[in-house]
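Just below is one structure, and these are the notes that go with it.
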Amino acid sequence: MTKHPARAWDQATARTIIDSHRAEPGALLPIFHALQDTFGYVDREALPLIAEALNISRAEVHGVMSFYHDFREEPAGRTVIKICRAEACQAVGCQGLVDHVEARHGIALGETTADGAVTVEEVFCLGNCALGPSAMVDGKPLGRMTREKLDHLIAAARTGRQ
Amino acid sequence: MTLRIYVPADASALSVGADLVADAIAAELAARRIEAQVIRTGSRGLFWLEPMVEVATLTGRIAYGPVDVADVPQLIPALLEGAPHKLKLGNPDAIPYLARQERLTFGRVGVIDPVSVDDYRAHGGFKGLEKALAMKPAEIVEEVVASGLRGRGGAGFPTGIKWRTVLGAQADQKYIVCNADEGDSGTFADRMLMEGDPMILIEGMTIAGLAVGATQGYIYIRSEYPHAFRTFGRAVEACRKAGLLGTRIAGSDRDFDITVRLGAGAYVCGEETSLLESLEGKRGLVRFKPPLPALKGLFGKPTVINNVLSLAAVPTILADGAKTYADFGMGRSRGTLPFQLAGNIKYGGLVEKAFGLTLGEAVHDFGGGTLSGRPLRAVQVGGPLGAYFPADYLDTPLDYEAFAQRRGMLGHGGIVVFDDTVDMAEQARFAFEFCAKESCGKCTPCRIGSTRGRETMERVIRGEHIADNLTLIEDLCRTMTDASLCALGGLTPYPVTSAIEHFPEDFDRPRAHRAAAE
Ligand SMILES: Cc1cc2nc3c(=O)[nH]c(=O)nc-3n(C[C@H](O)[C@H](O)[C@H](O)COP(=O)(O)O)c2cc1C
Ligand code: SF4
Ligand code: FES
């Protein structure tokens, strides 16, 4: 789940998080989620800590992390806008929204603005397919998305208003 | 009686402002010093009416919608005194869209407080569990077999038969895994149920545990559903507190508990073996079968893995009897299917109805046709791996076999409508793109074939050697169908070849020509 990173990376906190999950069967995904919830991304320095705690290789930890679309190696922008690009949203023009964001704001999918304010990503279905085009902004679902609403969201994120 | 006002907290309702409306109502009530309870529910699934607000009266509930924040000051007197209001819809159960449904699984969704054990029980909850607690495991399994319930996650495999295998397996530990990955575009029934009536699923998982001798359940919820994840987690907590999960459930001598897990954005993790790998903390690579998960599943132990809707059908089957359930439906598709109307559709939402309604009845009678008002051109049923049907296939009944006969699939019951502005060559291209992005990478036809397919389709769209390239696509599709390990690679040819078959005109015109003509 995307949130504003609550705090800057620090190893001690990371260790505490990892320790609190290490005994769970199949703990790896819960650990990545917990780290990302706290720091906004999974710092490279966390990988050896996880490997040690779960007694697996660093390569394996990295392999698992890179398999999943959710986990970030770098912090995202302060606001993350996910635009649904799956079929039901295509049927009501989501591609036009994606093109608009790129043409008007210069943000292509997967990119973050230079000021670090906004990251725009694609997502495949938010389960809001009856009210598309759909988007999710910092974990908040938004239906019947329009270019104007996106302009507004991006402007608000860049000026720090919400 | 304190005034009770119901406002949905379903993610779709939130996406059109339900939280703002709930806050405005609370503020308005406080300003007027009116004592009232604002209860957050799931959604009834009439999404064009969301946010839909209801008030309890002596003669039943009265609904209003879609409510905008600006409507709230005028709405309060209407709610209090039953005064006329432009948004008044009357008794929600009498709205034709709802009145014509057969809600066995979704009966409580939008009605109750999803995390209240008392509310759930007051609306008939836990009756199935009580019956199951008095039965032998094999009896429970046979009841589910007799109901004719088939897996709602896509493949339609009989649920009771799967349970029988797990019951028969010898092991020190068995698991119930609920597949709540719901990755298909156009589907949201699992999400709505987890947000609107999570306890029916908890009850279903518990009964499954009693049936096969499993004491531990896992639910894997996709990360795109943060609200479902939170609501389900709260419902599990509430059930634990009430002694309905954990040790000696409901005062019996049986144990069952549920761990809630979050996925991490990989479509393939909806495939059952990939999901198990993911739960084990690995990359979501699809496993070779056999062994079946029923014999060697999670952590190598016998495992029941079922979709949300399959498990949620079980409490009703136990409570009302297998026969009552089986009396709904047609042919070998028994019971009800919660299908989902999405895409370019006027009245998008959830419709639970016995199998057998035709696609056209769903799209037109319930859905009201396209949202744009333009002619309907294509309907994709069954998610991104489902076939595109043309308008003259609208007579197809919603039934597993009827769809298979027309080289389509019902899947999880998602119906996505497109109007005549759709470019079917682009849809076919996207099907390959999606497969390439979501492939687990284990087999070549899927991993490489999807990328080649996308490139080739791009050439077709540009008008390059169309006939040759379409022959190439046909070849590629055959290889993917025959040589893929799972349905991601194996079914991607469905949307592609159905688009080519039913909409050939979109594939044989050079794009520039088409653009000029428009
Ligand atoms: C690529 C792929 C994705 C799938 N996604 C889901 C899903 O999101 N939810 C689901 O229940 N089943 C999904 N399935 C089907 C599952 O593999 C499996 O058949 C199902 O969970 C069994 O439960 P059921 O018998 O109750 O349907 C998917 C299958 C494939 C091949
Ligand atoms: S078909 Fe694709 S997703 Fe399925 S196992 Fe093969 S590579 Fe993985
Ligand atoms: S397809 Fe966009 S929300 Fe489902």
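Below, chains carry the letters A, B, ... as their sequence lines are ordered, and counting in each starts from 1.
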| task | Salt-bridge test for B:R191 and B:D10: reply yes if a basic N is under 4.0 Å from a carboxylate O, no otherwise. | result |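 Yes, B:R191 and B:D10 are salt-bridged.
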Mind ranking [options] by heavy-atom pairs under 4.5 Å with chain A and telling me who comes out on top?
options: B:G263, B:P495, B:A431, B:S372; value: B:G263
options: B:R261, B:Q340, B:M192, B:R222; value: B:R261
options: B:D190, B:L279, B:V16, B:L298; value: B:L279
options: B:A11, B:G414, B:G343, B:G348; value: B:G343

| message | Heavy-atom pairs under 4.5 Å with chain B - which of A:R85, A:M65, A:Q95, A:E60 has more of them than the others? | response |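 Of the options given, most contacts go to A:R85.
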| said: Looking at chain B, which one of A:A27, A:G63, A:G132 has the largest number of heavy-atom pairs inside 4.5 Å, strictly under? | reply: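 So the answer, after comparing A:A27, A:G63, A:G132, is A:G63.
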Side chain, backbone, both or neither: which part of [X] has a non-hydrogen atom closer than 4.5 Å to chain A?
X: B:Y267; result: neither
X: B:C440; result: both
X: B:Q216; result: neither
X: B:S278; result: both
X: B:Q380; result: side chain
X: B:L14; result: both
X: B:F299; result: side chain
X: B:Y225; result: side chain
X: B:V417; result: backbone
X: B:D419; result: neither
X: B:Q427; result: side chain

Any chance you could measure [X], atom [atom1], to [Y], atom [atom2], to the nearest 0.5 Å?
X: A:M145; Y: A:L97; atom1: CE; atom2: CG; result: 7.5 Å
X: B:S15; Y: A:M136; atom1: OG; atom2: CE; result: 9.0 Å
X: B:F188; Y: B:E195; atom1: CZ; atom2: CD; result: 12.0 Å

| query | Considering only heavy atoms, which portion of A:L131 lies under 4.5 Å from any heavy atom of chain B: side chain, backbone, both, or neither? | reply |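 The side chain, not the backbone.
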| Where does A:P30 contact chain B at under 4.5 Å (heavy atoms): side chain, backbone, both or neither? |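 A:P30 touches chain B through side-chain heavy atoms alone.
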On a heavy-atom basis, which atom in [X] and which in [Y] lie closest, and how many Å separate them?
X: A:L142; Y: A:V137; result: CD1-CG2, 3.6 Å
X: B:Y494; Y: B:L385; result: CB-O, 3.2 Å
X: B:P384; Y: B:S185; result: CD-N, 3.6 Å
X: B:E224; Y: B:G265; result: OE2-CA, 3.7 Å
X: A:R104; Y: A:D151; result: NH1-OD2, 3.2 Å

| query | Does a sphere of radius 6.0 Å around OH in B:Y347 hold more than 12 heavy atoms from other residues, nucleotides or ligands, not counting ones at 6.0 Å or beyond? | reply |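 Incorrect, the count does not exceed 12.
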| message | Between B:E50 and B:S43, do the side chains contain a donor N or O and an acceptor N or O under 3.5 Å apart? | response |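 Checked: B:S43/B:E50 side chains pair up, N/O donor to acceptor below 3.5 Å.
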| task | Give the C-alpha distance, both sets of side-chain angles, the deciding distance and a yes or no for side chain to side chain contact (heavy atoms under 4.5 Å, CB included) between A:E111 and A:E102. | result | CA-CA 10 Å; A:E111 287 182 3; A:E102 176 153 19; 5.8 Å; no
